[in-house]
Amino acid sequence: MTCSTGCWHAYLDRLFIDPDMAEDAWADVADSDPSDPWRRTVEEWLDKELLGWRAGARATS
């Protein structure tokens with residue numbers, strides 16, 4: 001199987017969390033009820049993959 005440059009970049013994107021993508025994901029759920037299942041999923045994902053994200057300005061605002 002061959003992989004184009006786009007394929008390679010997509011693979012790398014799955015290995016590392018892009019801070020802008022994480023910020024967008026949080027912005028989508030930040031105003032949701034804390035018991036909302038999707039918000040809980042995003043929080044768990046960020047807790048696992050982006051250590052310290054809760055200390056950031058976006059998480060506390």
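Quick caveat, the model's predicted, so the values are computed rather than measured.
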One should read off an interatomic distance between Glu43 CD and Ser32 OG, to the nearest 0.5 angstrom, of 9.5 Å
List the residues meeting side chain to side chain contact (heavy atoms under 4.5 Å, CB included) with Asp47, not counting sequence neighbours, and say none if there are none. Trp53, Arg54
Closest non-hydrogen contact found for Ala22 with Leu50 is CB-CD2, 3.7 Å
Applying salt bridge (charged side-chain N to carboxylate O under 4.0 Å, His left out), can you list everything that pairs with Asp36, at least two apart in sequence or on another chain? none
Look up atom CH2 in Trp26 and atom CG in Asp31, then write down how far apart they are to the nearest 0.5 Å. 9.0 Å
Once rounded to the nearest 0.5 Å, what's the spacing between atom CG of Asp28 and atom CH2 of Trp38? 9.0 Å
Can you sort out the partners of Asp33 under side chain to side chain donor-acceptor pair (under 3.5 Å), two or more places apart, ordered by chain and number? Ser35
Starting at CD1 of Ile17, measure out to CG of Leu46 and round the result to the nearest 0.5 Å. 6.5 Å
